[in-house]
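The structure under discussion appears below in the form of structure tokens.
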Amino acid sequence: MTKRPIRWHIAVFLAPAVLVYTAIMIIPLFGTLNLALYGEEGFRGLRNFRTLLGDPLWSDAFWNALGNNVWFFVIHMLVQNPIGILLAALLSSPRLRLAAVYRTAIFVPTILSFVIVGFVWKLILSPLWGIAPSMLDAVGLRGLFAPWLGQEGSALTTLALISVWQFVGIPMMLIYAALLSIPDEVLEAAEMDGITGWSRFWKVQLPLILPAIGIISILTFVGNFNAFDLIYVSQGALAGPDFATDILGTFLYRTFFGFQLQLGDPHMGAAIATAMFLIILVGVCLYLFGIQTRLRRYQF
Amino acid sequence: QEPVTLTIESWRNDDLAIWNDVIIPAFEAQHPDINVEFAPTAPAEYNAALNSKLQAGSAGDIITCRPFDASLELFNNGQLADLSDLPAMANFSDVAKSAWQTDDASATFCVPMASVIHGFIYNRTAFEELGLEEPTTVDEFFAVLDAIQEDGTYIPMAMGTNDQWEAATMGYQNIGPNYWKGEEGRQALISGTQKLTDPQWVQPYEQLARWKDYLGDGFEAQTYPDSQNLFTLGRAAIFPAGSWEISVFTPQIAGAFEMGAFPPPVPAEGDTCYISDHTDIGIGMNAATPNPEAARTFLDWVGSPEFANLYGNALPGFFPLSNAEVTLEDPLAQEFISWRDECESTIRSTYAILSRGTPNLENETWNASANVIRGTETPADAAARLQQGLDSWYTPAQQ
Amino acid sequence: MGALDLRGVAKSFGKTPVIKGVDLSVADGEFVVFVGPSGCGKSTLLRMIAGLEDVTTGTVFLDGQDVTNLAPAKRGIAMVFQTYALYPHLTVRDNMGLALKQAGVSRAEIARDVGRASAMLALDPYLDRRPVELSGGQRQRVAIGRAIVRTPRLFLFDEPLSNLDAALRVATRIEIARLHRELGATMIYVTHDQVEAMTLADRIVVLRAGEVEQVGRPMDLYNDPANTFVAGFIGSPRMNFLKGAALGEQADTLGIRPEHLAIARGPGPIPGTVSHVEKLGGETLVYVRTEPHGLLTVRLFGEHDFAVDEAVGLSPDGARAFRFDAAGRRLR
Amino acid sequence: MGALDLRGVAKSFGKTPVIKGVDLSVADGEFVVFVGPSGCGKSTLLRMIAGLEDVTTGTVFLDGQDVTNLAPAKRGIAMVFQTYALYPHLTVRDNMGLALKQAGVSRAEIARDVGRASAMLALDPYLDRRPVELSGGQRQRVAIGRAIVRTPRLFLFDEPLSNLDAALRVATRIEIARLHRELGATMIYVTHDQVEAMTLADRIVVLRAGEVEQVGRPMDLYNDPANTFVAGFIGSPRMNFLKGAALGEQADTLGIRPEHLAIARGPGPIPGTVSHVEKLGGETLVYVRTEPHGLLTVRLFGEHDFAVDEAVGLSPDGARAFRFDAAGRRLR
Amino acid sequence: MAARSRPGRSIAAHAILLTYTLIALFPVWIILINSVKSRRAIFGAPLALPTPETWDLVGYTTVLENGDFFGYFLNSLIVTVVSLALVLLFGAMAAFALSEYRFRGNTLMGLYLALGIMIPIRLGTVAILQMMVSAGLVNTLTALILVYTAQGLPLAVFILSEFMRNVSDDLKNAGRMDGLSEYAIFFRLVLPLVRPAMATVAVFTMIPIWNDLWFPLILAPSEETKTITLGSQVFIGQFVTNWNAVLAALSLAILPVLVLYLIFSRQLIRGITAGAVK
Ligand SMILES: Nc1ncnc2c1ncn2[C@@H]1O[C@H](COP(=O)(O)OP(=O)(O)OP(=O)(O)O)[C@@H](O)[C@H]1O
Ligand SMILES: Nc1ncnc2c1ncn2[C@@H]1O[C@H](COP(=O)(O)OP(=O)(O)OP(=O)(O)O)[C@@H](O)[C@H]1O
Ligand SMILES: [Mg+2]
Ligand SMILES: [Mg+2]
């Protein structure tokens with residue numbers, strides 16, 4: 001038997017990505033994470049982590065940020081992704097008029113920069129300038145209005161919803177792309193079988209796009225645990241009120257780069273980053289090894 | 001000889017036009033061999049961006065200095081050059097220089113540029129309309145607020161807690177020095193003879209807690225720009241301010257109403273008044289600059305009375321720190337600076353030394369001030385928490 | 001019930017007309033077979049009946065009701081797609097059972113019906129496989145199974161047996177015929193297989209380039225084709241077309257089926273040379289080159305030996321010849 | 001030297017053995033047809049030859065060279081997939097021309113070769129369409145065209161004509177035969193069509209459940225099948241299997257082809273009643289229910305009328321009967 | 001496809017989509033109308049349409065007068081388009097290797113390439129900047145392109161490899177039978193067939209690049225290499241933000257991304273693999 005020849009093309013396909021990525025992301029990033037093992041005075045082993053998790057000064061902030069982050073993620077999973085899937089499912093109905101218009105319109109917020117998003121939502125939700133209050137007034141719900149962004153109970157949820165508003169386009173587009181790859185004739189067969197509308201979605205389309213849903217879940221997870229900008233531009237690095245909107249990203253930023261009079265602490269910052277990285281890594285590995293390998297894929 | 005180009009790192013986007021139109025031409029006229037380029041960064045990104053660039057060696061020649069520890073750290077890292085021997089340093093008082101010196105004052109690494117003074121700006125037209133006078137004591141102050149509240153035309157005071165720093169800087173640091181007696185209290189805190197839980201440190205919080213009722217509807221979500229807009233649109237009567245607002249408000253109000261200013265009211269009639277006259281901007285030299293000569297030439301000029309005049313008048317509300325006599329043209333700026341004569345000056349209590357550790361006293365103060373105003377934390381609790389945080393890393397004896 | 005009426009239905013893809021005005025009535029319970037050359041529009045017509053393809057003009061009636069704009073799902077039609085269109089994510093069992101499940105049929109009934117279909121199609125060993133794990137013929141059988149587990153009023157079959165082996169094809173054909181008898185459902189069936197067309201059809205519809213050429217009972221079409229196209233299309237091997245003039249006939253063209261052309265060694269009425277011999281076991285096809293008729297096919301029962309290039313004489317059975325005019329129309 | 005040699009090749013999908021050790025030598029330039037029931041492994045074997053499917057055990061030789069682990073692209077084989085596998089984003093022209101383009105053939109030559117193939121397959125009007133705009137038969141022809149524009153040393157055809165109408169099928173079959181003659185290339189062809197198998201093959205390989213049952217020339221298989229399976233599989237309609245004992249024969253089973261069973265009205269050696277009559281035009285199939293042989297098929301040339309339930313007598317042509325033992329093996 | 005649009009259901013679909021479109025566009029609408037109003041009018045009545053009294057293009061004029069706005073535009077465009085092209089090319093290649101071939105370490109390689117989305121790349125700033133300084137790439141667009149390429153790759157590989165698994169093996173095998181090399185199979189068959197996924201990745205990659213502030217600030221802050229986002233930051237001051245100008249600048253900055261989005265979204269087409277197999 002002849003030996004299988006070495007498949008050089010695999011290396012060729014991987015090389016450019018691996019090289020650029022390793023040189024410009026992995027080396028700098030892991031060089032930075034490495035700082036977590038050091039302090040001003042030199043090598044500290046895992047003591048930075050002990051401080052992070054053991055010293056109430058740090059650990060309270062850490063757990064607060066982690067808890068907020070989990071909530072932030074939960075909202076995205078419960079609101080953003082279902083809406084995104086719903087919109088994609090509707091948009092993908094064959095022969096829907098104006099589909100491209102809707103799709104573009106719904107995607108527009110995703111294009112906006114955080115500066116604008118932060119500004120406009122603060123403007124809308126501001127108790128002062130009257131957009132939200134007067135709109136609620138118009139439907140007789142003025143009483144419901146509260147300065148949501150300023151209250152500890154509602155600020156995080158409000159921001160999460162703003163983020164959902166901004167990013168719903170992402171799951172929508174991914175799912176839409178996945179739905180497009182389902183052959184029309186399979187849908188036609190379903191149609192002949194009397195399977196239309198939602199049952200078509202549940203019984204035919206959804207099982208076929210499960211991998212894409214897996215992807216948006218994991219992207220949401222990763223994205224949320226790395227989120228930073230929206231909170232930073234709308235609530236500042238101190239993620240007010242009273243750290244109610246502090247998530248790991250803002251906590252990390254404050255620590256790593258410093259803020260106002262607080263000098264950056266690259267070592268503790270790197271420790272937080274490492275902790276975040278590990279949390280995300282565990283999530284991603286659970287997905288990659290626990291779920292992704294079990295997902296069936298169908299070729300069209 | 002090739003003209004050298006000096007690049008200035010700054011967080012003052014706001015001043016871009018002033019530098020390009022007024023200051024740089026004035027300098028270049030005298031030094032044709034030196035080009036100066038003002039390259040500001042958005043303030044929120046400044047520290048992080050500057051630190052990264054300094055570390056990697058791509059920062060500009062001239063560095064605009066934040067006061068106290070941020071710059072001290074750069075100096076200690078060898079990233080800011082020692083400017084103690086710069087001739088223009090003689091033009092500055094020790095107090096002015098203290099923000100950019102080592103703790104033992106042996107080295108000065110930035111030329112002081114400007115300070116900002118806190119106080120209250122008010123809508124004079126509204127006051128006249130309601131027949132109100134500038135308050136001088138706390139009781140008068142609240143009487144005025146009550147009167148405005150009663151009338152209902154205006155929101156008594158424009159302040160929100162969303163951005164937190166507004167509450168700390170324009171609230172706590174504004175009214176506080178009257179309670180802790182300025183420098184006396186600040187030094188005592190540093191030396192450990194006073195605690196944040198002492199009455200003089202808690203009382204400002206107690207006053208802040210009373211402000212809540214006079215702030216606009218939904219002040220919890222009100223941001224600093226919202227407050228500014230409330231005031232400049234004429235919807236609020238009083239704005240707890242920093243002097244920098246002068247150059248912001250004047251063009252925005254554009255004559256729609258008259259502004260006035262009063263210093264923080266004193267607790268009791270006849271008390272000495274204290275103002276926060278905070279050293280805020282300095283300017284130094286990147287130790288790694290390839291053009292140290294030109295940079296020093298430039299910095300020396302920045303220390304000159306000529307610069308002080310140019311700058312102080314171009315940016316009313318940023319008061320030159322130079323000993324030189326500066327005549328300010330803006331009436332409101334004059335009003336603010338006149339308080340230097342009536343009251344004792346001090347700097348913000350948290351800036352020097354006390355914000356070196358974690359938790360950071362300044363950041364904690366933001367949080368506490370906002371919490372106290374919102375009523376989610378009592379003044380005593382807030383003070384206790386701050387002191388506890390400070391104790392966790394700061395031992396005055398070390399000083 | 002399952003009567004179907006097509007009134008002037010036409011279909012264009014863009015500017016290309018594909019179905020050019022078809023009128024057709026199918027009685028309730030009838031078995032109609034569509035035949036026609038590849039690309040003539042059989043599948044398109046089927047899809048129009050199903051409602052999967054817009055009707056450009058014309059009307060489709062089901063049981064007298066205008067369904068032209070009715071959704072496919074509402075028409076109560078089962079269809080076997082030429083491309084199978086199986087659900088890739090479902091097992092064979094679920095592929096067949098999905099429609100029943102959707103209709104709210106009980107589990108037990110689904111299991112029974114699916115079991116019956118799978119037994120009939122010899123799919124029992126594969127019930128738990130997914131389509132990718134099946135051979136071509138197995139997939140095709142699943143497609144059939146999916147259609148027949150439902151008991152709709154109208155079945156559409158698009159070349160359902162094309163990938164099955166002869167034995168299975170016969171067996172399945174017989175099952176479909178039985179199903180037709182038992183259910184009394186209307187069936188419309190597209191095939192390229194002469195045997196299927198002849199044996200299954202109540203009526204055959206011969207299509208050419210989007211138009212109906214002739215409609216009739218199988219043996220009527222075979223024995224009484226309206227034109228050369230139908231005559232040539234029905235019957236395999238294809239009918240021989242001889243030049244009438246050369247045979248002293250008035251008709252322009254004389255159509256003679258391969259089985260009605262006698263062959264003898266040596267000279268004959270139509271002399272020619274053997275070009276090629278195909279032995280199929282039970283029969284033998286001899287291809288004879290002649291002047292001026294070109295290549296003629298002779299079909300012989302049993303095994304026969306002819307040498308290539310051997311001179312032979314062919315004699316047409318004049319009584320069984322079909323006569324056509326120059327335009328290809330039958331002269332009667 | 002054999003063009004293709006399979007030595008004990010076997011293939012399992014997971015634990016299911018699908019090809020169970022096939023040995024086969026195909027001579028250079030030979031035309032070999034694989035036949036076998038649906039799901040017996042024909043496509044799998046073809047894909048193994050092509051290198052698309054890993055060989056679980058065994059070796060594949062091409063021109064004496066072990067290619068078991070050679071990449072498909074390097075084997076110089078052209079293949080028509082049962083599922084077509086057209087490039088959906090390319091036009092018909094580009095689908096057919098891609099391989100040539102890849103091989104660096106000049107544009108003019110590509111145009112010529114594609115033009116020739118498309119003319120032969122009657123695809124000229126569709127050259128600028130994409131697969132989605134084609135009918136089933138047209139797609140299948142594109143798949144054939146894609147394989148034949150190249151001139152490789154080995155062609156693999158997986159049921160290439162299954163979706164074509166009779167006329168086109170005959171024409172294409174003849175073209176493939178011509179191509180085979182002209183190129184002298186080796187061809188392996190999978191089909192369910194008896195006529196194709198009988199007419200095209202130099203040798204037929206009969207597969208059953210992943211094993212080779214018999215290999216031989218078409219008429220040899222027809223006239224000399226090794227067992228009941230081959231006897232039943234080759235020839236359509238299927239051979240009748242009669243119980244030897246009931247006929248006073250020693251053999252367990254007597255195989256008699258439908259054309260070798262004479263039928264007469266009234267009683268006869270094997271009495272029975274007509275169950276069903278199929279008129280196919282040129283021939284008539286009569287299905288007769290008998291005891292104890294079950295349903296027997298009689299094939300008659302021409303048109304005949306029998307009434308259902310009519311009593312008939314069948315007489316087998318003993319000389320042309322095949323005798324098998326209880327295990328189905330032929331007794332000679 | 002299904003011939004008939006069922007009125008009831010399609011009305012419901014349109015109702016939902018329209019509602020969501022309004023939700024999506026309302027804030028954008030606010031941005032647009034306010035970008036052409038005077039500052040007083042923005043905060044005086046943010047919901048009001050611009051009237052002759054409040055109509056004010058000061059934002060736009062400020063933006064266009066301030067700095068080389070079109071130069072910034074061009075820089076943004078170059079950086080975005082080139083990085084995008086590289087991300088798509090390299091990402092698709094790597095994704096193809098991961099999805100098509102089974103080799104040792106395949107999953108680990110996939111994980112390795114995904115690590116990048118788990119750590120904010122900002123943390124690597126100093127090291128990256130040092131690298132660029134020593135390579136002499138500071139204040140060049142190349143530096144930005146390199147960083148964005150690296151930053152975009154993990155997501156691209158992640159998404160594309162999933163979509164590439166959907167491409168029919170038979171199709172690729174047909175290519176192999178046609179003598180196509182693995183490269184040709186990738187470029188000629190697989191890439192065209194994952195167009196919707198490529199478009200999706202392109203859009204996802206493009207937005208953060210276009211909107212990024214940090215790396216332009218660090219790596220290429222010079223006047224010649226400034227990007228539009230960085231250019232717009234000039235209007236965000238310490239104590240006062242020129243919202244007219246920011247709104248105008250960022251409204252203008254939406255246009256090119258929107259155009260790019262529209263270009264890419266044309267690749268989102270149905271039935272791309274239709275007719276391939278039966
Ligand atoms: N991926 C798979 N996993 C498991 N079994 C498979 C797989 N692919 C094919 N099989 C089985 O292997 C057997 C042979 O399949 P193959 O496609 O070779 O049959 P075939 O002879 O070509 O049949 P047909 O005439 O129906 O096309 C079938 O029984 C099929 O079910
Ligand atoms: N989407 C399309 N766009 C343009 N032409 C099309 C399209 N679909 C089919 N056609 C053309 O319409 C004609 C009829 O196609 P149809 O599939 O109905 O043929 P058919 O009779 O089923 O053929 P076959 O026996 O080959 O399956 C064909 O010539 C085909 O090329
Ligand atoms: Mg068809
Ligand atoms: Mg097969």
Side-chain angles (χ1 to χ4, degrees), chain C residues 13 35-44 82-83 122 125-126 133-138 140-141 158-159 162-170 174 192-195 198-199 218-219 222-223 232-238 257-260 276 278-283 285 299-303, chain D residues 13 16 35-44 82-83 122 126 133-141 158-159 162-170 174 192-195 198-199 218-219 222-223 232-238 257-260 276 278-283 285 299 301-303:
Chain C
F13 286 112
V35 297
S38 172
C40 71
K42 304 177 294 293
S43 300
T44 308
Q82 190 172 10
T83 53
Y126 312 109
E133 299 163 335
L134 299 178
S135 78
Q138 288 159 352
Q140 192 164 36
R141 280 177 274 159
D158 201 348
E159 308 192 21
S162 60
N163 273 296
L164 305 186
D165 59 277
L168 203 50
R169 190 180 294 207
V170 171
I174 291 172
H192 285 309
D193 187 307
Q194 295 281 335
V195 178
M198 300 301 280
T199 55
M219 287 315 288
Y222 184 81
N223 290 324
F233 203 83
I234 301 288
S236 175
R238 210 165 166 269
R257 299 204 179 273
E259 51 267 36
H260 302 148
H276 179 55
E278 285 183 353
K279 296 189 185 175
L280 305 179
E283 61 194 88
L285 302 179
R299 186 184 188 203
L300 301 169
F301 211 47
E303 242 178 278
Chain D
F13 286 111
T16 327
V35 298
S38 172
C40 70
K42 303 178 294 294
S43 300
T44 307
Q82 190 172 9
T83 55
Y126 312 110
E133 298 163 335
L134 299 178
S135 79
Q138 287 159 353
R139 289 180 199 177
Q140 191 165 37
R141 280 177 276 158
D158 201 347
E159 308 193 22
S162 60
N163 273 296
L164 303 186
D165 59 276
L168 204 50
R169 190 180 294 206
V170 172
I174 291 173
H192 284 309
D193 187 307
Q194 295 282 333
V195 178
M198 300 301 280
T199 56
M219 287 314 290
Y222 185 82
N223 289 325
F233 203 82
I234 300 288
S236 173
R238 209 163 167 271
R257 299 205 179 271
E259 51 267 35
H260 302 148
H276 180 53
E278 284 182 351
K279 296 187 186 176
L280 305 178
E283 62 192 85
L285 302 180
R299 187 185 188 204
F301 210 49
E303 244 178 274

| Under 4.5 Å from any heavy atom of chain D - which part of C:Leu280 | both

| field | C:Leu300, part contacting chain D, at a heavy-atom distance under 4.5 Å | value | backbone

| Is there a side-chain contact between D:His192 and C:Leu168 (heavy atoms, below 4.5 Å)? | no

| said: Using heavy-atom distances under 4.5 Å, tell me whether C:Arg299 contacts chain D through its side chain, its backbone, both, or neither. | reply: both

| Checking heavy atoms, do the side chain of D:Thr83, its backbone, both or neither come under 4.5 Å from chain C? | side chain

| task | Please tell me if the side chains of C:Asn223 and D:Glu303 come closer than 4.5 Å, counting only heavy atoms from C-beta onward. | result | yes

| message | Less than 4.5 Å to any heavy atom of chain C: does that hold for the side chain of D:Asp193, its backbone, both, or neither? | response | neither

| query | Does D:Pro218 have any side-chain contact (heavy atoms from CB on, under 4.5 Å) partners at least two apart in sequence or in another chain, and if so, which? | reply | D:Met198, D:Ala201, D:Ile204

| task | Could you look at D:Phe301 and say if it's the side chain, the backbone, both or neither that has a heavy atom under 4.5 Å from chain C? | result | both

| chain C: which of D:Arg257, D:Met219, D:Lys42, D:His276 shares the most heavy-atom pairs with it under 4.5 Å? | D:Met219

| Proximity breakdown for C:Asp158 and chain D, heavy-atom pairs closer than 4.5 Å | neither

| said: Less than 4.5 Å to any heavy atom of chain D: does that hold for the side chain of C:Gln138, its backbone, both, or neither? | reply: both

| task | Heavy atoms only, distances under 4.5 angstrom: which of C:Gly41, C:Gly232, C:Pro37, C:Cys40 has the most pairs with chain D? Name it, please. | result | C:Pro37

| message | For chain D, which candidate among C:Gly36, C:Gly302, C:Ser162 shows the most heavy-atom pairs at distances under 4.5 Å? | response | C:Ser162

| task | Select one option (side chain, backbone, both, neither) describing which atoms of D:Thr44 are under 4.5 Å from chain C's heavy atoms. | result | neither

| remark: Applying salt bridge (Lys or Arg N to Asp or Glu O under 4.0 Å) to D:Glu133 and not counting sequence neighbours gives none

| query | What is the minimum heavy-atom distance between D:Ala166 and C:Gln194, and which atoms define it? | reply | CB-NE2, 4.2 Å

| task | Quick one: do C:Val170 and D:Arg238 satisfy side-chain contact (heavy atoms from CB on, under 4.5 Å)? Show the steps, please. | result | CA-CA 9 Å; C:Val170 171; D:Arg238 209 163 167 271; over 6 Å; no

| Between OG of C:Ser43 and CG of D:Leu134, what distance do you get to the nearest 0.5 Å? | 12.0 Å

| C:Ser38 versus chain D, heavy atoms under 4.5 Å apart: side chain, backbone, both or neither? | both

| field | Residue selection (most heavy-atom pairs with chain C, distance under 4.5 Å) from D:Tyr126, D:Phe233, D:Phe13 | value | D:Phe233

